[in-house]
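Worksheet: one structure, shown below.
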Number of protein chains: 2
Amino acid sequence: MRKDRADERAAALRLMHRRSKAAEAKPARTRAGATPRLRTPEARSEIAVTTHESVYRGLRNRILFGGFLPGSAVTLRGLAEDMGVSPMPIREAVRRLIAERALKMQDNRRVLVPPMTQETFEQIVFARKTLEPELAVRAMDRIGPAEIRRIVAHDKAVDRAMAMSDVHGYMESNFRFHFAIYEHAGADTLLALVESIWLQFGPFMRMAYNRWGTSDLEDQHQAAIAALQRRDRKALRAAIAADVSQGMSFIGETVLRRSS
Amino acid sequence: MRKDRADERAAALRLMHRRSKAAEAKPARTRAGATPRLRTPEARSEIAVTTHESVYRGLRNRILFGGFLPGSAVTLRGLAEDMGVSPMPIREAVRRLIAERALKMQDNRRVLVPPMTQETFEQIVFARKTLEPELAVRAMDRIGPAEIRRIVAHDKAVDRAMAMSDVHGYMESNFRFHFAIYEHAGADTLLALVESIWLQFGPFMRMAYNRWGTSDLEDQHQAAIAALQRRDRKALRAAIAADVSQGMSFIGETVLRRSS
DNA sequence: ACCTTTCCATTGTGATCACATTATTCGCGC
DNA sequence: GCGCGAATAATGTGATCACAATGGAAAGGT
């Protein structure tokens, strides 16, 4: 009941790291320290990223697209083994995600994916309905045909994933659809708030879709796309608000138990 | 032009730390590792905090109450010396503050207090006017006479600080006044968003008040207190919105140059 | 004087170890 | 079998070292 985690995961990970201190006399070791400039074999060539950064992105996506169950525990050393890096960059990535409220550290100092409560969920809905239509409207003026084409592509990917009941694919494409719009608002400060919000309901969203599948979700994205093309502010605002409302009430009703 | 920082500060810091490896044979050293459970002399007694946590709070307050200039650089080792701790907990605190957008890491990997731009400022105003009245209204039902008394006390402290042109005191009391209201909303998720926002304009706010003093600021807090006592939602919402509007437009007009 | 080049100090990052604390497991008595 | 205590494993935290990259100053050439 404890070993399973270590066992089944140990097999799947890239094992380019050496944990045991056995191999001590190795002469030509990279010899620790500094940034080895990307560890994944498929060298991303140009842009140099810190290990911490790529770990952060990995965890972030996993949270955002439902790779973690709400309430599940997370340990520094465990993640380090899973991702084939030392605990150090994990610490920084986790600290960062805790600050963004994607993870939570309890008084035990144990880290976990925060479980959802009715109150938190309600606040998330409020924040989304307040901020996201605003971001969309601000983005409208800076969205041309090229951007619309990309947005539509994400929406198509959403439909495809829904048809295949691919929950992860749905969540990823849905995220990309929304943020392909928002990112053009030129409003980094507001965007950061919304990203933090999405990180908080990602794992929870996955629970809902796991339970019911994604197929009976109406696609509210069409209205938003049409509004973008018509440059109709009011309609865009309404479309985004409706999408948020519908999606969130579906999730909320599916997973949250009556508790009042 | 470089030494001054180290020099004048080195004098003022608690020097309970030993940097040089000279004193090596010291026998009864605390011997590194783990959490020494609070280092400040004035032992906060009970609750055990990590070093990282107290460092975080220190930096946070310094940012929030205008202890840093926008655009000023910050280094891990420098802060470590200033605060008399090893670079390690600084790293975590800084990483956390970067995630909260209180600090910024540029591509250089240099850390600085982010300078303000017109665009960012406008977004901050929007977020404040959207979120803070909401928080206040949500808090109203849970605020009784005892809480009001504390809120009034903070407001009195604001007046006192203004009378004395004590900028830091004004900023601290003003912060405490607002959050003494908001914290009763029972809306941690929204509260976190607002806290991040305040962290972002703290240093900038200080610039404005440094330049003009605080005395010609009308006190909009009275209306909010009155609304709380009357339990008048609409009035409270309006009062908070007015306070934000007035304060922020004063700051904005004082510091931001016309650039369009 | 001014621009380039070389050198050195400084900075953030990662690895590794030590430690206190907390969780889990094991063994003993009943 | 079942609770309860001791022993053991696991976890986050802090310190320290090593390293690559960057910045800035000194040195050199024109």
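Each chain gets a letter, A, B and so on, in the order the sequences are listed, and its residues count up from 1. Predicted model, so just to flag it, every value in this text is computed and none were measured.
- In this structure, A:Phe121 has its ring center at least 6.0 angstrom away from the ring center of A:Phe201.
- Below 30°, between 30° and 60°, or above 60°: for A:Phe179 and A:Tyr182 the angle between ring planes is above 60°, a perpendicular geometry.
- Note on B:Asn108: every side-chain N or O is 4.0 Å or more away from OP1 and OP2 of C:dT11.
- Rounded to an integer number of Å, the gap from A:Arg77 CZ to C:dA18 P is 13 Å.
- One atom, CG of B:Leu79, and another, P of D:dG14, lie 15 Å apart when rounded to the nearest Å.
- Here the P atom of nucleotide C:dG12 and the CD atom of A:Glu53 are 16 Å apart, to the nearest Å.
- Between B:Arg101 and B:Leu199, the closest side-chain pair of non-hydrogen atoms is not below 4.5 Å.
- The side chain of A:Met88 lies closest to C:dA15 when the candidates are C:dA15, C:dT22, D:dG23.
- A heavy atom closer than 4.0 Å to some atom of DNA chain C occurs in B:Arg91, B:Arg95, these being the qualifying members of residues 90-97 of chain B.
- At whole-Å resolution of the value, CG in A:Asp107 and P in D:dT11 are 19 Å apart.
- Annotation: cation-pi geometry not satisfied between A:Arg150 and A:Phe177 (NZ/CZ under 6.0 angstrom from ring centroid, within 45° of ring axis).
- Geometrically, B:Arg206 does not engage B:Phe65 in a cation-pi contact defined by less than 6.0 Å to the ring centre and at most 45° from the axis.
- Phosphate contact (OP1/OP2 of C:dG14, side-chain N/O of A:Ser86, threshold under 4.0 Å): absent.
- Two residues are said to be in side-chain contact when any heavy atoms from C-beta on lie closer than 4.5 Å; B:Thr189 and A:Ile197 meet this criterion.
- B:Val55 comes within 4.0 angstrom of no nucleic acid atom, judged by non-hydrogen atoms across all strands.
- Regarding B:Leu112, its CG atom lies at a distance of 20 Å from the P atom of C:dT10, rounded to whole Å.
- Listed for the B:Thr130 side chain is a donor-acceptor partner under 3.5 Å among the backbone atoms of B:Phe126.
- Computed from coordinates, the B:Glu81 CD to C:dT11 C1' distance equals 14 Å when rounded to whole Å.
- In this structure, B:His52 places its NE2 atom 14 Å from P of D:dG12, rounding to the nearest Å.
- Remark: A:Thr50 is not in phosphate contact with C:dT13, judged by side-chain N or O atoms under 4.0 Å from OP1 or OP2.
- Remark: the B:Arg110 side chain and the C:dG12 base include no donor-acceptor N/O pair separated by less than 3.5 Å.
- B:Tyr56 has its OH atom 15 Å from the P atom of D:dT13, to the nearest Å.
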